[in-house]
S.K.: 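Mind having a look at this structure? Questions to follow.
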Amino acid sequence: MSVPFPFTAVVGQDDLRLALLLNAVSPAVGGVLVRGEKGTAKSTAVRALSALLPEVDVVPGCRFSCDPAKPDPDCPDGPHEAGGGAWRPSRMVELPVGASEDRLVGALDIERALAEGVKAFEPGLLADAHRGILYVDEVNLLHDHLVDLLLDAAAMGASYVEREGVSVRHAARFLLVGTMNPEEGELRPQLLDRFGLTVEVAASREPEQRVEVVRRRLAYDDDPAGFAARWAEEEADIRRRVVAARELLPSVVLGDGALRQIAATCAAFEVDGMRADIVMARTATALAAWAGRTDVLAEDVRRAALLALPHRRRRNPFDAPGLDEDRLDETLEEFGESPEDEEDPDPGPDGPGGGGQPPSSEPEGPRGGDTGARPEAQESGPAQAPAAGEQSPVRAAEPFRTKVLSVPGLGEGAAGRRSRARTERGRTTGARRPRGTLTKLHLAATVQAAAPHQRTRGRSGPGLVVRRDDLRQATREGREGNLVLFVVDASGSMAARQRMSAVKGAVLSLLLDAYQRRDKVGLVTFRGSAAEVALPPTSSVDAAAARLESLPTGGRTPLAAGLLKAHDVLRVERLRDPARRPLVVVVTDGRATGGPEPVALAGRAARLFAAEGLASVVVDCETGHVRLGLAGRLAGELGGTAVTLDELRADSIAGLVRDVQGSQGTQRTSRRAA
């Protein structure tokens, strides 16, 4: 068994370690979501936490880790008699991103349930994590329905498995910890809100601290057991402190003054709902217990706000999480006596880090002043003088709700909300023989298959004699997420500032729609003499919005180059993810200039898309009283449809919602007739 990296040996990341320890003291806080760039010890710190948790007393032989002092009366392995148990270390269970629903919540043997009336239940990861830690790395990449099941279990403290009227319930109380890299996509706001605390982590820019990180990592890799032994005393100190804080927690008093500060803070920052108030109250109480106090101070409320509120203030995926600390201090001072020293209290030598770690000279996590900025925006730096023939980037117009664009046919891609697809969740459309484990029983089809054989099988009682060959899997139809590839004309013909602002606003609106429909997005731009992949396909619409914001314009219109670059991107993505179907959105006025025969080249490039049956939409950006109709002609070559900027709006009176399939069929028929 591998030796985990010691928790107290993690350099810096004070907010991350504190948030994890507060949940260890009070699991009712609601877990931690750790956001940050790759290589910042997110997973290392989480995996090391389990060694600091106290051992748990369990009923011997119980697969659901029942407490012998208070056994669960509904335990599938019960009933248990109260009595002596067996002590074991706290578990840390890791949920893989590609796990199935049955692997998470457990599986029922439907065949035995129908034929024998026996609830044969195989526990899932939620049962394994009971009274321990459930860790989800890259939680933003987890399928939505799994996240829903996971957070429902965390909120209710129990897991329910329902299969065609057969149900099993078992306790599932665990410390939920998720890590994610925002560059790979965001969680939905309602899911963000279900995590008690959120911490932003980033690598230190201080050379000395980076040197210490490398030194400790190399020492651990050379001798994991020896390195862990050198930190054993610090680990034991933190473990004892967690136990002492747990015992003190019921004695902590949350006074009316602290409650007023909590309520006023949540109201001042316009946080939706009441969950934030409850989480802040529990976090402030845990902070007091961690400090060895029985009263909650203003400094506890302040730190609780910095951990519990930043992620609850987002209104759309392009908003960066963060909190105005000056406003926070003003609110705390107005609704309570603020301490003289407004800085966070020094945790001291036995604080959450322990072990004599070098102090961080730069604030991290929610206290950092720059965490709200998008990385891409930081990389772009201050505005630079545009090159010859270029115009400086313009701001996007206000986004709007767009009409629904979908890919024709029936796909089998990742679950989402855009195009029709065969999925594990959705409306039942038929039945088939199961391939492998039966997950969704089609009861009527199963009974129909078994009924003709009851006499030959010697049925004598009221029960139905069901065999494996009779079982039928329900086929369901739902929605999938697609790859929405934007091909944006940034040439001089698009460079009028009001026009480009409207174009960027339209693309931003489509990006917001892609976020809500759980799509992957990519961005190809073309201008001058070439095209470039401004953003490879990703789940982060935030990254796409940042690249769009800094997009300069100017030069000729190499339309063919843009289409060929997009075709190449789709070819590579088809190898990586063949089940995800693409939707190409070309944003242009349809002009093609530069090089020999630019119009003919653009037509040939467009026909590549039509030949492969790729779904496409051309957003016609042509303005003015005289229109050449070039974008419509391009849409015909692509085998797609054209919409104007006005028609793209969901509230437009120009027409009903356009489905790509219908438009494509119409245009193909027209071409055949011609």
Side-chain angles (χ1 to χ4, degrees), residues 405-409 411 413 418-419 482-491 493-494 507 510 519-537 556-621 629-643 658-674:
L405 303 174
S406 61
V407 178
R418 183 172 297 279
S419 304
N482 298 112
L483 166 59
V484 182
L485 182 62
F486 293 94
V487 186
V488 180
D489 184 349
S491 64
S493 66
M494 305 280 288
V507 178
L510 289 166
D519 295 317
K520 288 180 70 174
V521 296
L523 180 62
V524 172
T525 63
F526 58 94
R527 64 186 179 87
S529 59
E532 65 172 344
V533 181
L535 182 71
R556 292 184 177 274
T557 312
L559 178 57
L563 295 174
L564 291 174
K565 180 68 72 174
H567 188 270
D568 191 52
V569 170
L570 295 180
R571 178 183 58 80
V572 174
E573 281 301 305
R574 194 156 44 237
L575 297 174
R576 292 175 177 169
D577 189 358
R580 188 180 289 268
R581 298 186 296 161
L583 173 62
V584 182
V585 179
V586 185
V587 185
T588 181
D589 57 9
R591 289 181 172 85
T593 61
E597 299 183 346
V599 177
L601 283 175
R604 285 199 291 270
R607 285 191 287 275
L608 289 175
F609 290 78
E612 296 180 14
L614 297 172
S616 60
V617 176
V618 177
V619 179
D620 184 358
C621 303
L630 299 176
R633 201 173 305 165
L634 174 63
E637 297 280 2
L638 287 166
T641 185
V643 295
R658 295 195 177 192
D659 187 286
V660 178
Q661 181 177 13
S663 299
Q664 286 182 328
T666 301
Q667 294 189 8
R668 289 194 184 105
T669 303
S670 300
R671 287 202 304 274
R672 291 193 193 100

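Excluded from the calculations below are hydrogen atoms, water molecules and symmetry mates; all remaining heavy atoms, backbone and side chain alike, are included. Numbers for residues simply follow the sequence, beginning at 1.
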S.K.: Work out which heavy atom in A531 is nearest to a heavy atom in F526; give both atom names and the distance.
M.R.: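 Answer, listing the atom of A531 first, then F526: CB-CB, 3.7 Å.
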S.K.: Distance from L564 atom CG to L608 atom CG, nearest 0.5 Å?
M.R.: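 Answer rounded to 0.5 Å: 6.5 Å.
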S.K.: Under 3.5 Å, is there a donor-acceptor pair between the side chain of T557 and the main chain of L559?
M.R.: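 Between the backbone of L559 and the side chain of T557 there is no qualifying donor-acceptor contact (under 3.5 Å).
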S.K.: For the backbone of L405 and the side chain of R418, can you confirm whether one donor and one acceptor N or O come within less than 3.5 Å of each other?
M.R.: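 Between the backbone of L405 and the side chain of R418 there is a qualifying donor-acceptor contact (under 3.5 Å).
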S.K.: Please test V618 against T588 for side-chain contact (heavy atoms from CB on, under 4.5 Å), starting from the C-alpha separation and ending with a verdict.
M.R.: CA-CA 7 Å; V618 177; T588 181; 4.2 Å; yes
S.K.: Please collect all ring-ring contact (aromatic ring centres under 6.0 Å, His included) contacts where either partner lies in residues 563-619, sequence neighbours excluded, each pair once.
M.R.: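 ring-ring contact (aromatic ring centres under 6.0 Å, His included) check on residues 563-619 returns H567-F609.
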S.K.: Apply salt bridge (Lys or Arg N to Asp or Glu O under 4.0 Å) to E612 and list each qualifying residue two or more places apart in sequence or on a separate chain.
M.R.: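 Partners of E612 by the salt bridge (Lys or Arg N to Asp or Glu O under 4.0 Å) criterion, ordered by chain and then number, come out as R574.
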S.K.: Can you sort out the partners of R580 under side chain to side chain donor-acceptor pair (under 3.5 Å), two or more places apart, ordered by chain and number?
M.R.: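 D577.
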S.K.: Please tell me if the side chains of L601 and P598 come closer than 4.5 Å, counting only heavy atoms from C-beta onward.
M.R.: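 Heavy-atom side-chain distance check fails, nothing below 4.5 Å.
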S.K.: With heavy-atom distances below 4.5 Å as the criterion, would you say the side chains of V524 and L485 are in contact?
M.R.: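 Side-chain contact under 4.5 Å: yes.
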S.K.: Checking R633 now: which residues fulfil salt bridge (Lys or Arg N to Asp or Glu O under 4.0 Å) with it, not counting sequence neighbours?
M.R.: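 With neighbours one apart ignored, the set is empty.
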S.K.: Filter on side-chain hydrogen bond (donor to acceptor under 3.5 Å, both in side chains), then keep only pairs touching residues 591-601, sequence neighbours left out; what's left?
M.R.: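 Found D589-R591.
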S.K.: Who passes side chain to side chain donor-acceptor pair (under 3.5 Å) against T525, sequence neighbours left out?
M.R.: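 T525: no side chain to side chain donor-acceptor pair (under 3.5 Å) contacts found.
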S.K.: Would V586 and S616 count as a side-chain contact (heavy atoms from CB on, under 4.5 Å) here? Give the steps.
M.R.: CA-CA 8 Å; V586 185; S616 60; 5.6 Å; no
S.K.: Under the side-chain contact (heavy atoms from CB on, under 4.5 Å) rule, collect the residues that match up with A606, sequence neighbours excluded.
M.R.: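 For A606, the residues satisfying side-chain contact (heavy atoms from CB on, under 4.5 Å) (neighbours in sequence not counted) are L563, L634, E637, L638.
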S.K.: Test of understanding: with salt bridge (Lys or Arg N to Asp or Glu O under 4.0 Å), list the residues that count as partners of R604, not counting sequence neighbours.
M.R.: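 Here no residue qualifies.
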S.K.: Checking D489 now: which residues fulfil salt bridge (Lys or Arg N to Asp or Glu O under 4.0 Å) with it, not counting sequence neighbours?
M.R.: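 For D489, no residue satisfies salt bridge (Lys or Arg N to Asp or Glu O under 4.0 Å) once neighbours in sequence are set aside.
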S.K.: Compare every heavy atom of P582 with every heavy atom of L570, then report the nearest pair and how far apart it is.
M.R.: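 Shortest heavy-atom contact: CD2-CB, 3.7 Å.
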S.K.: Could you check whether D568 pairs with K565 (Lys NZ or Arg NE/NH1/NH2 to Asp/Glu carboxylate O, under 4.0 Å)?
M.R.: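 Between K565 and D568 there is no salt bridge, as every charged N stays at least 4.0 Å from the carboxylate O atoms.
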S.K.: Return yes if some donor-acceptor pair links the side-chain N/O of S419 with the main-chain N/O of V407 below 3.5 Å, else return no.
M.R.: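 Such a contact is found between S419 side chain and V407 backbone.
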S.K.: Check whether any side-chain heavy atom of V585 sits under 4.5 Å from a side-chain heavy atom of V619, and report yes or no.
M.R.: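 Counting from C-beta outward, V585 and V619 do come under 4.5 Å.
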S.K.: Could you check whether any side-chain heavy atom of V584 comes within less than 4.5 Å of a side-chain heavy atom of V487, counting everything from C-beta outward?
M.R.: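 In short, these two side chains touch, coming nearer than 4.5 Å.
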S.K.: If you take all heavy atoms of A642 and A631, which pair is closest and at what distance?
M.R.: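 What the structure gives for the nearest pair is CB-O, 4.3 Å.
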S.K.: List for me each residue that meets side-chain contact (heavy atoms from CB on, under 4.5 Å) alongside S529, sequence neighbours excluded, and say none if there are none.
M.R.: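 Applying side-chain contact (heavy atoms from CB on, under 4.5 Å) to S529 gives none.
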S.K.: If the condition is side-chain contact (heavy atoms from CB on, under 4.5 Å), which residues does P537 pass it with, not counting sequence neighbours?
M.R.: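 P537 satisfies side-chain contact (heavy atoms from CB on, under 4.5 Å) with L483, K520, V569, E573 only.
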S.K.: Assess whether side-chain contact (heavy atoms from CB on, under 4.5 Å) is satisfied between V617 and L583, documenting all intermediate values.
M.R.: CA-CA 8 Å; V617 176; L583 173 62; 4.2 Å; yes
S.K.: Partners of R581 by side chain to side chain donor-acceptor pair (under 3.5 Å), sequence neighbours excluded?
M.R.: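 Applying side chain to side chain donor-acceptor pair (under 3.5 Å) to R581 gives E480.
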